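Every heavy atom of this structure was used, including side-chain atoms; hydrogens, water molecules and symmetry mates were not. Chain letters run A, B, ... following the sequence lines, proteins first, then strands; residues in each count from 1. The structure presented is a predicted model; accordingly, all values stated were derived computationally and were not measured.
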Number of protein chains: 2
Amino acid sequence: MQLSSIWRIVVLMKHILNQKPDYEKELRNAGVRITRPRRIILDILTSTEDHPDAMKIFHRAIEIDDSISLSTVYRTMNLLEEMGAIHRHAFNGGPSRFEQAHGDHHDHLIDVDTGAVIEFKSDKIEKLQEEVAKALGYDIIYHRLELYGRKIDQSS
Amino acid sequence: MQLSSIWRIVVLMKHILNQKPDYEKELRNAGVRITRPRRIILDILTSTEDHPDAMKIFHRAIEIDDSISLSTVYRTMNLLEEMGAIHRHAFNGGPSRFEQAHGDHHDHLIDVDTGAVIEFKSDKIEKLQEEVAKALGYDIIYHRLELYGRKIDQSS
DNA sequence: AACTCAGTTGCAAAGATTCTCAACTGGAAT
DNA sequence: ATTCCAGTTGAGAATCTTTGCAACTGAGTT
């Protein structure tokens, strides 16, 4: 696509960059401690294909170390979500389900028909966000951008 | 602020565009019954300035009719959200807060220290979103942009 | 290797949200 | 106005998530 020269949109393709990201390193760099519970939970997340909810993660975790608590699962999920390492999906009513992200922070385009999640990143948008925040007297710590869209019909 | 000439940041002032939309009509058209609880909750939503959570709405509601239950508040919020009449904001860990989707869309800057919510709008960012989506083959139906920030210390 | 302490944990309790179900009600049909 | 019934409600139970706090621990420093 010719737009890439302008916007540097990075579309991440899951099946291609499926080398487990080194979350431990990322976490360490972010000043977060690598504890035994966190290591176990990260292992579960990076080695699963599905979108488990907190309870499911908890059950898998206590098979490895039965001292892990559900609170820690929830706390870890919140931590990872804020870091952009995982995504939270709240399907109508039910408990939140989680899915590992990959690589760097990125934003999301959600297909409203299929629920598919496309990840992208636009430096331009991020820069604008910074400027808007600055104008309002704030520094951005993190952000969340989700576009909900429908595939453009190309048949016509 | 001199930036306005550049970014046209629109900090929305609710009390200016406070024409109440006719939700009752909309609901009726959608085949939803207008019950006493729903009418009261709608009145609360259309006449408030803030972003109340379910508990706050509940408390305001029972002052008008003390038979209304919290379940009904939650059910009504889910109903209205699905209809697009209100927006749900899940700021960090706290309870969801709601806001009527009066006319114009806007984004949010959340003060991570105080929880304060500042509304803003940047046409520039929205235009970029459109372009990104288009490059990915999608039309945007709606979007959510939340910046989490900390007030810039101006004392130094 | 021992020391230190802010970050983290497990647990229990609180808080938030959804669900179940019998009773009730809006509004269409009569 | 009365009847009727699918949609709605209130109450409380169940489920999901966060929080307060004392005990614990990772990892930097000595």
With no hydrogens and no angle check, just 3.5 Å: does a side-chain donor-acceptor pair link [X] and [Y]?
X	Y	value
A:S96	A:R88	yes
B:H89	B:H51	no
A:R60	A:T48	yes

B:P37, nearest nucleotide to its side chain (from C:dG10, D:dG10, D:dT18):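 Nucleotide nearest to B:P37's side chain: D:dG10.
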Candidate nucleotides D:dT9, C:dT8, D:dT17, ranked by approach to the side chain of A:R38 - the nearest: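 Within the option list, the nearest is C:dT8.
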Non-neighbouring partners of A:D66 that pass salt bridge (Lys or Arg N to Asp or Glu O under 4.0 Å), sequence neighbours left out: none
Partner residues of B:Y142 under the side-chain hydrogen bond (donor to acceptor under 3.5 Å, both in side chains) criterion, sequence neighbours left out: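 Not a single residue meets the side-chain hydrogen bond (donor to acceptor under 3.5 Å, both in side chains) criterion with B:Y142.
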Sugar-phosphate, base or nothing in reach of A:N78, heavy atoms under 4.0 Å: sugar-phosphate
Candidate list A:L109, A:D107, A:L147, test side chain to side chain contact (heavy atoms under 4.5 Å, CB included), partner B:H143, passing option: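 Answer after filtering A:L109, A:D107, A:L147: A:L147.
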Length of the line joining B:M55:CE and D:dT18:C1', which is rounded to integer Å: 14 Å
Whether B:T72 side chain and B:I68 backbone form a donor-acceptor pair below 3.5 Å: no
Per-nucleotide protein contact string for nucleotides 22-30 of chain C (B base, S sugar-phosphate only, - none; heavy atom under 4.0 Å): ---BBS---
Short side-chain N/O contact to D:dT18 OP1/OP2 from A:Y74, under 4.0 Å: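 Indeed not, no polar side-chain atom of A:Y74 lies that close.
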A:Q100 and A:L42, any side-chain heavy atoms less than 4.5 Å apart: no
Axis bend over the full length of the helix from C:dA1-D:dT30 to C:dT30-D:dA1, computed from five pairs that close each end, to 10 degrees: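 Terminal axis comparison yields 40°.
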Which residues share a side-chain contact (heavy atoms from CB on, under 4.5 Å) with B:I34, sequence neighbours left out: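 Scan of B:I34 (side-chain contact (heavy atoms from CB on, under 4.5 Å), adjacent residues dropped) gives B:E24, B:L27, B:R28, B:R39.
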Members of residues 64-71 of chain B that approach DNA chain D, where some heavy atom sits under 4.0 Å away: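 Residues of residues 64-71 of chain B under 4.0 Å from DNA chain D: B:S67, B:I68, B:S69, B:S71.
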